[in-house]
Every structure is written in structure tokens, then in C-alpha cells.
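Notes to accompany the following structure.
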Amino acid sequence: MSALQLDIHPEVSAALAEGQPVVALESTLIAHGLPWPANLEAARQAEAAVRAEGAVPATVAVWQGRPIIGLDAGQLEHLARQADRRDASPTVRKASSRDLAAAIVQKAFAATTVAATMVLAQRAGLRVFATGGIGGVHPVSGRGFDISADVLELARTSVAVVCAGAKGILDLSATLEMLETMSVPVVGYGTDEFPAFLLASSGLPVSARVDSPAEAAALCQMHWDLGGAGVVLAQPLPVETALQPADFHRALVRAESQARAEGVRGPALTPFLLARLAELTDGRTLRANQALIVANARLAARIAAAFPKRQ
Ligand code: PSU
Ligand code: MN
């Protein structure tokens with residue numbers, strides 16, 4: 001018998017029982033990705049966007065060892081306050097797939113990455129998940145080997161991940177090669193090019209393109225019927241918030257060299273780089289990041305609603 005017990009919010013389990021659309025949302029971007037209070041604002045707006053499309057949001061995290069599918073408002077705020085260094089509440093871990101078991105048995109608080117959110121979402125019966133950007137292959141230069149478990153989880157867990165591509169701090173062509181090797185469809189929503197998170201495009205091709213929620217849902221279902229697992233559904237960020245590539249790369253080079261100088265690596269690297277980028281661009285990366293999270297939540301809700309109702 002499994003010792004795993006999911007704590008599914010009553011609204012989420014009711015929606016699942018009735019075959020209503022539900023969208024999983026991750027919590028690492030809340031606790032470790034965006035600064036307070038932009039993180040709470042983005043998290044609330046993402047949930048509201050899901051609701052506005054007639055779906056139920058389920059933000060995922062580990063709460064004192066309980067895997068939660070659908071945080072309540074108080075839990076959401078508690079997690080968001082973690083990003084505020086002036087707040088003294090207990091530390092929230094950043095949990096990827098491998099960290100979930102420890103977080104659960106040690107009764108810890110943990111925010112879940114894309115990978116860990118996929119694991120818990122699938123076990124709860126959710127098929128559609130929205131985030132900002134997926135993790136991937138970090139550039140090898142200077143810091144050594146670092147590939148996000150998000151890529152591995154996409155290869156084995158059957159959840160559609162709606163995103164704005166992969167973070168611009170990654171080696172995007174290596175990330176796409178890795179996803180290809182892992183047989184993960186990288187589907188452009190309304191685009192032939194892989195979106196580059198804060199930038200409108202990467203110049204790199206997607207493996208397929210869809211132009212409607214129904215087409216996206218049909219492609220995912222067919223991939224699953226074929227025994228496939230994760231699907232990346234990537235849409236470009238809202239065009240008015242996109243950064244100019246030259247500005248972004250200038251800031252990235254500086255943030256990267258600071259990370260090297262300060263010896264930041266491993267799970268701490270992504271949060272460090274995102275915080276430095278926001279400072280170096282007068283908050284433009286932050287506003288773009290927030291806008292794309294909300295847009296992805298909205299699209300995920302439309303796609304979730306386009307699946308045939310489960311019996
Ligand atoms: N993209 C963001 N902010 C984030 C992340 C991605 O803009 O905070 C998080 C996601 O939760 C993603 C994780 O799954 O970073 C990847 O971390 P790592 O590279 O350590 O696997
Ligand atoms: Mn890593």
C-alpha cells in the first residue's frame with residue numbers, strides 16, 4: 001500500500017469528480033523565482049486567470065510534509081512571503097522530483113519546481129499545468145554540468161506543461177536537443193519558433209505547431225495514447241512586455257559573471273540569476289515574467305477545457 005497521501009483541495013477534487021477542467025500551478029516561481037510582493041501578485045493573478053476561463057486552479061506545494069494540490073489563500077501568501085528576506089517564518093525548500101520524498105517524510109515546507117509539480121499533478125489526476133519557463137540545460141562554460149530535472153520529468157510524466165519556453169539563462173539549443181532525445185514534443189502555440197521566455201523568440205524551431213486549444217488538447221491526448229509522457233506547449237510572452245535581445249543579453253552577461261564571482265551554483269543559481277536580472281533591467285524582466293505567467297495560466301485553462309470530459 002502506498003504511504004503517499006495527497007491533500008487535494010475540496011474544490012479541486014469536486015472539479016475532478018465532475019470532469020471539470022483543472023489547471024496545476026507550480027510554487028517554486030512564487031517562493032524562489034519572483035521577489036515579494038510581485039510573486040504573490042503573480043500567483044493570485046494566475047489563479048484568477050484560470051478561474052476567469054471557467055477552470056479550477058490548483059497551486060501545488062508541500063506543506064509540513066503534506067503534498068498539497070490546491071493551496072488556500074493563506075498558504076499561498078505564506079509561501080510568497082518566503083521571498084521577502086525581512087520575514088522570519090520557516091524556510092521553504094525548493095523541491096524538484098528527487099526532493100519530494102525527503103520533504104514529505106521530514107514534514108518540511110517545500111515549493112515545487114516544474115518537475116515536482118508534474119509528479120504530484122499526475123498522481124492527483126491533473127493533465128494540464130501552467131508555469132513561466134521550464135528548466136533545461138545550463139551553459140557549460142565556467143560552472144560545470146547542470147541540467148534541470150524538468151527535462152527528465154517531461155520524459156516520463158504525462159502532463160502538458162504550458163510555458164513561455166525555457167529560461168533565457170539556459171542554453172536553448174542544447175535544451176531542445178535534450179528534449180528531442182527524450183521524445184518530448186515541443187509544441188509552439190501560434191508560433192513556429194520556440195519562445196525564449198522574456199524574449200519573443202529564440203530563432204529555434206519547435207517540433208510542431210498548434211493554433212487552438214482544441215488542437216493542443218488533441219495533440220497531447222494522441223501523444224499519451226501512443227505511450228508518450230510530457231508535452232511542452234510554449235507560447236510567446238505578451239508582445240508588449242518582451243525585452244530587447246541586446247538589453248537582455250547585456251544584463252545576463254553581468255548576472256552570470258556575478259554568479260561565478262560569488263560561487264553560486266546548483267539549485268540556488270536560477271533564483272540568483274532571476275533576481276540580478278530584475279535589478280539590472282529596472283524591473284523589466286520582472287514585469288515580463290509576471291505577465292507571461294498569467295498568460296500561460298489563461299491558455300492552460302482553455303486547453304484543459306478543450307479535453308473531452310472524463311467519465
Ligand atoms: N523559471 C522562472 N522562475 C523560476 C523557475 C523557472 O522564471 O523560478 C523555476 C521552475 O520551478 C523550474 C525551476 O522548474 O526553476 C528549475 O530549477 P532547476 O534548474 O534547479 O531544476
Ligand atoms: Mn540544477
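Here the structure is a predicted model, which means the values were calculated and not measured. Note that ligands are numbered from 1 as they come in the structure, with each ligand's atoms numbered from 1 the same way.
When the heavy-atom distances from atom 12 (C) of ligand 1 to Asp150, Leu292, Val161 are ranked, the shortest goes to Asp150. The nearest non-hydrogen atom to atom 21 (O) of ligand 1, considering only Ser148, Ala116, Ala149, comes from Ser148. Proximity annotation for atom 1 (N) of ligand 1: of Glu26, Lys167, His138, Lys167 comes nearest, heavy atoms only. Comparing Ile147, Leu274, Thr131 against atom 2 (C) of ligand 1, the shortest heavy-atom distance belongs to Leu274.
Residues Glu77 and Arg44 are paired through a salt bridge, judged by an N-O separation under 4.0 Å between the basic side chain and the carboxylate. Salt bridge annotation for Lys94-Asp99: absent, with no cationic side-chain nitrogen under 4.0 angstrom from a carboxylate oxygen. Note on Glu153 versus Arg156: salt bridge recorded, some NZ/NE/NH1/NH2 to OD/OE distance being below 4.0 Å. Look at Arg51 and Glu11 and you find a salt bridge, because one of the NZ, NE, NH1 or NH2 atoms lies within 4.0 Å of a carboxylate O, short of that distance.
Judged purely by distance below 3.5 Å, without hydrogens or angles, the side chains of Thr28 and Thr113 never pair a donor atom with an acceptor atom. In this structure, a donor-acceptor pair under 3.5 Å is absent between the side chains of Thr117 and Glu26.
The shortest contact between atom 9 (C) of ligand 1 and any protein heavy atom is with Thr28 CG2, 3.9 Å. Protein heavy atom at the shortest distance from atom 7 (O) of ligand 1 is Phe197 CZ, 2.9 Å. In terms of protein heavy-atom proximity, atom 20 (O) of ligand 1 is closest to Lys94 NZ, 2.8 Å. Of the protein's non-hydrogen atoms, Gly133 O, 3.2 Å is the one closest to atom 6 (C) of ligand 1.
Counting the atoms of ligand 1 from 1 in the order shown, those under 4.0 Å from a heavy atom of Leu29 are 8 (O). Of all the atoms in ligand 1, the ones that sit under 4.0 Å from a non-hydrogen atom of Gly33 are 8 (O). Of all the atoms in ligand 1, the ones that sit under 4.0 Å from a non-hydrogen atom of Thr113 are 11 (O), 14 (O).
Under 4.0 Å from ligand 1, the heavy atoms of Asn289 that appear belong solely to its side chain.
Centroid-to-centroid, the aromatic rings of His138 and Phe145 stay 6.0 Å apart or farther.
When the Mn ion (ligand 2) is compared with the N/O/S atoms of Asp146, atom OD1 turns out nearest.
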Where do Val23 and Leu25 land on the side chain to side chain contact (heavy atoms under 4.5 Å, CB included) test, with the steps shown first? CA-CA 6 Å; Val23 173; Leu25 299 165; 4.2 Å; yes
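Taking the centre and axis of the six-membered ring of Phe307, the NZ or CZ atom of Arg127 falls inside the cone set by 45° and 6.0 Å.
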